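Quick notes on the structure that follows.
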Amino acid sequence: MKNYEKEFPLKGTKVKGITKKFDFSDPIDRREYFNKKADKEIKLLKKYFDDGNTFIAYFLGKKGSGKGTYAKMMIEIFGEERIGHISVGDIVRAAHKGLEDEDKKKEIIDYLSKNYRGYISVEQAMEALLSRDTKTLLPTEFILTLVKKEIDRLERKILFIDGFPRDLDQVSYSLYFRDLINYREDPDVFVAIDIPEIVIDERMKNRVVCPKCQTPRNLKLLATKQAGYDEKKKKFYLMCDNPACDKARMGAKEGDSLGIEAVRDRLELDDSLIDKIFTLHGIPKVLLRNAVPVDFAKDNFDDYEITPEYVYECDESNKRVKISEKPWILKDDQGNDAYSLMPPAVVLSLIKQLVKVLEIS
C-alpha cells in the first residue's frame, strides 16, 4: 500500500483535560471513552441517522486487519437498529452450510431463481460454491445476489460491507452497488485500513480460540485475565474468561503458526485493490491507520490507546502465571519504529472522518 500521508495527514486522539485511563475491556469505559473524545461527532451522526439518512461503507483491508472488529464497535456505539454489518465471507459460508439443510436450500434456490443474473446457471453457481477451495473466487454476480438477500433481511440500515470488492475486476461493481440493490440516493464511502504486515503476522501466529465458546484472543497482543504453563510443552497458554467455560484452555487454530506467508498472495492483491480504489474519482474515502510512528504517538495519543505486548512468567511461590504488559514497538512496512493502535482509537478516527466526508453539520 502506498503512503497517503499528504491526502490523509496524521492526526492524534489526545484531548486536553481528559486524564482518565479508560479500560477498553469494559463496555461502560468504552462508551465513556467515545462520548468524551467524540461527543460532537457522535451526536451529529445520531441526528443524521434519526433523520432517516443512511449510507454504505466498504471496508477494504488485508486479512486480519480488524474490519469485523471495527464494524461491531460501530454497532455497539450507534445501535443494531441503525447499523448492519455484512461480511461477504460469512454470507458465503452460511450459504454453503444452508445448502446442506433441505428447507434452507429451497429458500436459497427460490431467492436465487428470482434475483440472480449471470453467465452461468444457478445450478452451476451452487456447484461452484459447494466445491470451491479458499483461493477460488465465486462469480461476482452470484456473490452480489447472496449479499442482496442479506440486505433484504436487514431492511433499511447503514451498511458496513466487509469483503467486497475482493478483486480488481469487482471495483466497477462496487461503484454502482447502491443502485444494484435499490438503495436510493444514499452516499457510499470506501474505508481503507492501513496496517503493517508485522501486526497481521503476530495476530495470526499468536491467535488462540476457546474450544467451548469460540472466543478469540491473542497470547501476545490480547491476553485473558488468567494464564497457565504447560510443563511438558514448555509453553504458556491462556484460559477463557467466560465463566461458562470454566477456565477452558485456549488453543491455536491449524495453520495459524505459518503467519502471513500462508496468505501472502492475498495480501499483495489487497494492497493493489486499495491503491486502485484511491485513484477513483467521485466517491469519498476514509483512511484508518492501525499504526503510528513512535515519536508522533508520544504527544498525540494516550498510553492506553497503544497496543501492549503481554509477557508471562511463572511465580514459583504459588505456581501461578503472572501476566504483565510492556510497550510493543514494531517496525512498520517502511522500516520505522511504530506503535499499533487499540481498536477503539481506530474507530474514533473512523467516526471523525465519516462526519467530514458525509459533510454532516
Side-chain angles (χ1 to χ4, degrees), residues 1 3 5 8-26 29-30 32-34 36-38 61-62 64-66 69-70 73 193-208 216-229 235-239 241 250 252 256-257 259-260 287-315 320-350:
M1 183 173 175
N3 190 333
E5 195 166 327
F8 300 89
L10 282 167
K11 291 185 179 180
T13 61
K14 190 173 283 189
V15 176
K16 189 176 181 180
I18 298 178
T19 57
K20 177 176 178 177
K21 182 178 180 180
F22 295 99
D23 178 4
F24 288 150
S25 66
D26 183 345
D29 259 24
R30 283 200 303 271
E32 185 182 355
Y33 166 80
F34 287 116
K36 290 281 189 183
K37 290 203 170 187
K62 299 172 184 174
S65 61
T69 299
Y70 302 149
M73 207 161 283
I193 303 169
D194 184 11
I195 181 170
E197 288 192 354
I198 184 64
V199 177
I200 298 175
D201 198 41
E202 294 293 349
R203 284 180 179 177
M204 292 181 69
K205 286 182 176 178
N206 295 285
R207 178 171 52 189
V208 291
R217 285 293 182 266
N218 190 288
L219 195 63
K220 181 174 180 176
L221 305 176
L222 186 60
T224 51
K225 293 176 182 177
Q226 288 185 268
Y229 184 71
K235 289 182 177 180
F236 292 101
Y237 60 87
L238 296 179
M239 301 178 192
D241 287 331
M250 306 181 85
D256 277 357
S257 61
I260 61 172
L287 179 65
L288 302 181
R289 289 183 171 87
N290 167 273
V292 292
V294 167
D295 292 340
F296 181 82
K298 288 177 181 177
D299 297 323
N300 295 280
F301 290 87
D302 290 303
D303 290 344
Y304 60 84
E305 295 176 308
I306 306 299
T307 302
E309 177 179 352
Y310 289 89
V311 181
Y312 308 84
E313 59 179 324
C314 288
D315 188 332
R320 285 190 148 190
V321 173
K322 180 182 177 183
I323 306 174
S324 57
E325 298 178 10
K326 70 174 185 179
W328 182 38
I329 299 177
L330 56 96
K331 293 289 185 183
D332 64 20
D333 292 345
Q334 287 71 47
N336 304 312
D337 287 344
Y339 288 130
S340 175
L341 296 175
M342 294 288 283
V346 180
V347 172
L348 190 71
S349 173
L350 173 59

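No hydrogens, no waters, no symmetry mates; every other heavy atom, side chains included, goes into these values. All figures in this text were calculated on a predicted structure; none of them were measured in a lab.
Between Phe236 and the choices Val311, Val321, Ile323, the side-chain contact (heavy atoms from CB on, under 4.5 Å) rule is met once, by Val321.
Of all heavy-atom pairs between Pro293 and Leu10, the closest is CD-CD1, 3.9 Å. The shortest heavy-atom contact between Gly259 and Met204 is O-CE, 3.4 Å.
Annotation: salt bridge (charged side-chain N to carboxylate O under 4.0 Å, His left out) contacts of Asp29 (sequence neighbours excluded): Lys20. The ring pair (Phe, Tyr, Trp, His ring centres under 6.0 Å) search around Tyr33 returns Phe22, Phe24, not counting sequence neighbours. Not counting sequence neighbours, the partners of Asp302 by the salt bridge (charged side-chain N to carboxylate O under 4.0 Å, His left out) test are Lys37. Residues forming a side-chain contact (heavy atoms from CB on, under 4.5 Å) with Ser340 (at least two apart in sequence, or on another chain): Val199, Asn290, Thr307, Trp328, Leu330. Take Asn336 and apply the side chain to side chain donor-acceptor pair (under 3.5 Å) test, not counting sequence neighbours, and it matches no residue. With sequence neighbours excluded, the residues forming a side-chain contact (heavy atoms from CB on, under 4.5 Å) with Val346 are Tyr70, Leu288, Leu341, listed by chain and number. Lys21 meets the side-chain contact (heavy atoms from CB on, under 4.5 Å) test with Tyr304; sequence neighbours excluded. In this structure, Arg217 has no salt bridge (charged side-chain N to carboxylate O under 4.0 Å, His left out) partners at least two apart in sequence or on a different chain. Evaluation of the side-chain contact (heavy atoms from CB on, under 4.5 Å) rule for Asp337 yields Val294, Ile329, Lys331 as partners, not counting sequence neighbours.
Taking CG of Asp333 as the reference point, atom CD1 of Ile195 lies at 9.5 Å (rounded to 0.5 Å). Of the inter-residue distances, the one linking Tyr339 atom OH with Ile306 atom CD1 reads 7.0 Å to the nearest 0.5 angstrom. Here the CD atom belonging to Glu313 is positioned 5.0 Å from the NZ atom belonging to Lys322, to the nearest 0.5 angstrom. Between the SG atom in Cys314 and the CZ atom in Arg320 there is a gap of 12.5 Å [rounded to 0.5 Å]. Note that the CG atom of Asp23 and the CD atom of Glu32 stand 11.5 Å from one another [nearest 0.5 Å]. Atom CZ of Arg289 sits about 8.5 Å away from atom CZ of Phe8, to the nearest 0.5 Å.
Each salt bridge (Lys or Arg N to Asp or Glu O under 4.0 Å) pair with one or both residues in residues 291-300, not counting sequence neighbours, would appear here, but there are none. Within the structure, side chain to side chain donor-acceptor pair (under 3.5 Å) contacts touching residues 196-207 (residues at least two apart or in different chains) are Glu197-Arg264, Asp201-Lys205, Glu202-Asn206, Glu202-Lys220, Arg207-Asp256.
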For residues 221-229, run the donor-acceptor check on the side chains, cut-off 3.5 Å, and write out each pair with its distance to 0.1 Å, sequence neighbours left out.
residue	atom	partner	partner atom	Å
Thr224	OG1	Gln226	O	2.9
Thr224	OG1	Met239	O	2.9
Gln226	OE1	Lys247	NZ	3.3

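Dense packing is recorded around NZ of Lys14, with more than 12 heavy atoms of other residues, nucleotides or ligands lying under 6.0 Å away.
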